[in-house]
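Below: one structure, written as structure tokens.
Residue numbers start from 1 in every chain, and the chains themselves are labelled A, B, ... in the order their sequence lines are given, proteins ahead of strands. Hydrogens, waters and symmetry mates are skipped; everything else that's a heavy atom, side chains included, is used. These numbers were taken from a predicted model, which means no experiment stands behind them.
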Number of protein chains: 2
Amino acid sequence: MIKCSVTVDVVVFTILDRRLNLLLIKRLAKPFRGRYALPGGFILEDESTDDAAIRELREETGVRDVYLEQLYTFGAPKRDPRGRVITVAYCALIPPEQELKSSTDASDAAWFAVDDLPSLAFDHAEIVECARTRLRNKLAYTNVGFELLPARFTLTELQSVHEAILGWPLDKRNFRRQILHSETLQPLQSWRQTGRKPARLYRFKQ
Amino acid sequence: MIKCSVTVDVVVFTILDRRLNLLLIKRLAKPFRGRYALPGGFILEDESTDDAAIRELREETGVRDVYLEQLYTFGAPKRDPRGRVITVAYCALIPPEQELKSSTDASDAAWFAVDDLPSLAFDHAEIVECARTRLRNKLAYTNVGFELLPARFTLTELQSVHEAILGWPLDKRNFRRQILHSETLQPLQSWRQTGRKPARLYRFKQ
DNA sequence: TCAAAAGTGTTGAAGATACACCCATGG
DNA sequence: CCATGGGTGTATCTTCAACACTTTTGA
């Protein structure tokens, strides 16, 4: 029976420029100084791991009330050179409308397209892989893609989120039929004039 | 930043009498003395959480080389009255052929049908619920049911495993077509004479 | 010959895939 | 009037669900 340090690490996804991006932070301290790592940190005395993930997310990005889900726990004994540290990994999805702390302050945090990541500290590459796989799978049986969009969105925007997550193009008509048939979207009486023809806005029911 | 104790708890499933059962251990120590709990224990200095689960499983049941999968990590601050303990929960599936330590020694361990569990210590009822849900879902997209059977089995036996996990009856013809179509079974040149008409034996490919 | 479990096909419904053109608007 | 993205329907194929009788054996 030993005591060990416990961290949470959060894979924070968002959509930028129609591509799936995630948040990384450049490490200022050893080990892996100068390398990028997932946002995260040690859990506090009186908070659950979920609460720790929520807190880290707020500290690093300023966002709250977003989708957050526990992913997996990584507990290899040598995964952190400083000693025994196990980490509970989380996955967060944040809509692009959010004012991000990281995009406003002169931070060491930056967004990276998932297909163009730098080399990561610790076992964080493995954690990211785990998160991407989970997200892709989840899209098959849930409508979790909404979480990466603002409250009101067009069907084309939703489709491009799905395409960004899956990594392949979808058929427009099939996508629309399927998503509308699921009855999870509420059509609104507003249209967005983004391109030429205005596009109908929808929102997620509940 | 705090240090906390980390345990692994294992939901060990098996099939007994065509029903899904799980292993529980009567606690001899406080807290929850006399209540049943999941097998598990603290992780050691130099083992991964996976290794700890494998070790606990061997210690409590004597089995090795069985299906084992990480489930979820429970990290509420008050989940253990002794102090801050987080637990990484695992799910194990063991075939009924195994000689179980718990069934041979005069142990405080016992099998319980999942639909007839006693009141459990800690948050173990929640962990069990999580395991049952995961197992049910997993059956929809994998053939994990094999893990609860001996190396050679009949299709009727496999069907009854699926029924025990799902909790409802399946159509025999549809089940057989589906499972044979998946090409994960290898038919053998042997038949089991369990009832009247001999039934063909199969084994899981790889 | 009876009881018990093994084994076996077909039909209809629903869901998934593939595919191409017209529309509304701003420049 | 042209360029851009918005919006729409059909035909086919595959997959899933429902359903009942014959076969083999031991007692």
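What separates CD of A:Glu183 from P of C:dG15 is a distance of 12 Å, to the nearest Å. Distance, A:Lys197 NZ to D:dC2 C1': 16 Å, rounded to whole Å. Between the P atom of C:dT25 and the CZ atom of A:Arg200 lies a distance of 14 Å, rounded to the nearest Å. Put simply, CG on B:Leu201 is 11 Å from P on C:dA6, counting in whole angstrom units. Residue B:Asp171 contributes atom CG, which lies 15 Å from atom P of D:dC21 at whole-angstrom precision. For the pair A:Trp191 CH2 and D:dT4 C1', the computed distance is 20 Å after rounding to whole Å. A:Leu158 has its CG atom 16 Å from the C1' atom of D:dG7, to the nearest Å. Distance CD (A:Gln178) to P (D:dT8): 16 Å, rounded to an integer number of Å.
Nearest-nucleotide positions on DNA chain C for A:His181 and B:Thr154 put B:Thr154 closer to the 5' end. Between B:Asn174 and B:Thr156, the residue anchored closer to the 5' end of DNA chain C is B:Thr156, taking for each the nucleotide with the nearest heavy atom.
Ring centers of B:Phe153 and B:Phe146: under 6.0 Å apart, within the cut-off. Ring centroid separation for the pair B:Phe112 and B:Tyr36 comes in under the 6.0 Å cut-off.
Side-chain atoms of A:Arg177 stay outside donor-acceptor range of the base of D:dT8, with no qualifying N/O pair under 3.5 Å. Contact of A:Lys172 with D:dG7 (side chain to base): a donor-acceptor pair of N or O atoms is detected under 3.5 Å.
When only modelled atom types and interatomic distance are considered, B:Thr156 and B:Thr154 share no side-chain donor-acceptor pair under 3.5 Å.
Distances were taken from every side-chain heavy atom of A:Gln193 (C-beta onward) to each of C:dT25, C:dC19, C:dA6; the shortest belongs to C:dT25. The A:Arg176 side chain lies nearest to D:dT8 when the options are D:dT8, C:dA18, C:dG15. The side chain of A:Arg173 lies closest to C:dC19 when the candidates are C:dC19, C:dA24, D:dA18. Nearest to the side chain of A:Pro198, among C:dT25, C:dG7, D:dA18, sits C:dT25.
A side-chain donor-acceptor contact under 3.5 Å links B:His124 to the backbone of B:Leu38.
Few gaps surround NZ on B:Lys138; more than 12 heavy atoms of other groups in view lie less than 6.0 Å from it.
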